[in-house]
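Read the structure below first, then the notes.
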Amino acid sequence: MKESTLLSGLTLAYIGDAVYEVYIRDYLIQSGYTRPNQLHKLATNYVSAKAQHFLIEEMLAANFLLETEIAMYKRGRNAKSHTSAKNTSVFTYRSSTGFEALVGYLHLTGQKERLDEFVTWAIQKIGEKNETKK
């Protein structure tokens, strides 16, 4: 779907949010977690605005993203949303919207291998962050 590069950042974020959530749910269930309350709490470590902001900042610092991916992130980050941030700053919320827009872009353009690499990197980085907290 090449015309997905013409979609708004918020539209890309809309689908990206759902796609990323499914990846994380799959990962948690495949890791042996089965209780819904436990799954929800664990998923929050990966899908919250704060987690997504952390991940995109780490990706940018590590030069993990390609130029086109950075552009899609910025499209989502800079989009004017009519909803407001819950439990986080506007800056963090916008950054997480950019993260979701990038996921949506990768999904809609059929870049499954890159999307898999992206999510695997994110899961690993959150795991490392959680290990240093212990």
Side-chain angles (χ1 to χ4, degrees):
M1 181 177 194
K2 289 292 182 204
E3 58 273 358
S4 59
T5 58
L6 303 176
L7 294 174
S8 76
L10 294 178
T11 302
L12 292 171
Y14 173 77
I15 191 67
D17 176 52
V19 169
Y20 184 64
E21 177 89 21
V22 169
Y23 266 91
I24 296 305
R25 288 180 181 202
D26 281 347
Y27 165 73
L28 292 173
I29 290 169
Q30 290 172 7
S31 296
Y33 300 102
T34 58
R35 294 193 329 257
N37 190 39
Q38 180 187 37
L39 286 165
H40 177 72
K41 276 182 79 172
L42 289 169
T44 303
N45 291 319
Y46 299 88
V47 301
S48 71
K50 289 177 184 173
Q52 292 173 351
H53 169 70
F54 165 77
L55 288 168
I56 202 72
E57 290 293 315
E58 291 289 312
M59 287 177 177
L60 290 167
N63 292 316
F64 179 76
L65 302 175
L66 305 173
E67 287 301 316
T68 55
E69 295 168 346
I70 293 170
M72 289 300 133
Y73 158 70
K74 288 180 178 179
R75 180 182 295 184
R77 183 196 65 192
N78 297 337
K80 301 293 182 233
S81 175
H82 298 293
T83 58
S84 59
K86 296 177 196 109
N87 305 317
T88 191
S89 71
V90 171
F91 176 75
T92 299
Y93 180 75
R94 285 189 164 189
S95 178
S96 70
T97 301
F99 177 94
E100 292 169 348
L102 176 50
V103 172
Y105 164 74
L106 293 172
H107 171 72
L108 290 174
T109 55
Q111 298 182 59
K112 177 149 178 34
E113 193 172 305
R114 179 60 174 161
L115 181 56
D116 289 348
E117 180 182 16
F118 180 95
V119 174
T120 299
W121 192 96
I123 289 168
Q124 186 174 26
K125 189 55 76 171
I126 293 293
E128 290 170 6
K129 182 181 178 192
N130 290 340
E131 283 298 312
T132 59
K133 283 183 179 179
K134 291 181 179 179

So do [Y] and [X] actually touch side chain to side chain, heavy atoms under 4.5 Å?
X	Y	result
L106	E69	yes
F64	F118	yes
R25	E21	yes
Q111	T109	yes

Reported [atom1]-to-[atom2] distance for the pair [X] and [Y], which is rounded to 0.5 angstrom:
X	Y	atom1	atom2	answer
Q124	T120	CD	OG1	8.5 Å
R75	L7	CZ	CG	8.0 Å
K80	R94	NZ	CZ	4.5 Å

Flag yes if [X] and [Y] sit in one hydrophobic cluster, no otherwise; membership is Ile, Leu, Val, Met, Phe, Trp, Tyr, and two members link when side-chain heavy atoms are under 4.5 Å apart.
X	Y	value
I15	V119	yes
M72	Y14	no
I29	Y27	yes

*asked:* Looking at E128, I'd like to know if its CD atom is crowded, meaning that more than 12 non-hydrogen atoms belonging to other residues, nucleotides or ligands lie closer than 6.0 Å.
replied: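 Yes - once you tally the heavy atoms of other residues, nucleotides and ligands closer than 6.0 Å, there are more than 12.
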Task: side-chain contact (heavy atoms from CB on, under 4.5 Å) partner of L42, chosen from I126, L28, I24 - done: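 Single pass found, and it is L28.
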Taking all atoms of both residues into account, what is the closest heavy-atom pair of [X] and [Y], and its distance?
X	Y	answer
T44	H40	OG1-O, 2.9 Å
L65	R114	CA-NH2, 3.8 Å
L10	T97	CD2-CG2, 3.9 Å

Can you list, pair by pair, the side-chain donor-acceptor contacts under 3.5 Å of residues 52-63, counting residues two or more places apart and other chains?
unit_1	atom_1	unit_2	atom_2	d
Q52	NE2	V47	O	3.3
H53	ND1	S95	OG	2.9

Q) Is it true that a side-chain atom of Y46 and a backbone atom of Y23 form a donor plus acceptor pair closer than 3.5 Å? A) no
Exercise. Check the pair L115, V103 against side-chain contact (heavy atoms from CB on, under 4.5 Å), reporting the backbone distance first and the verdict last.
Key: CA-CA 7 Å; L115 181 56; V103 172; 3.9 Å; yes
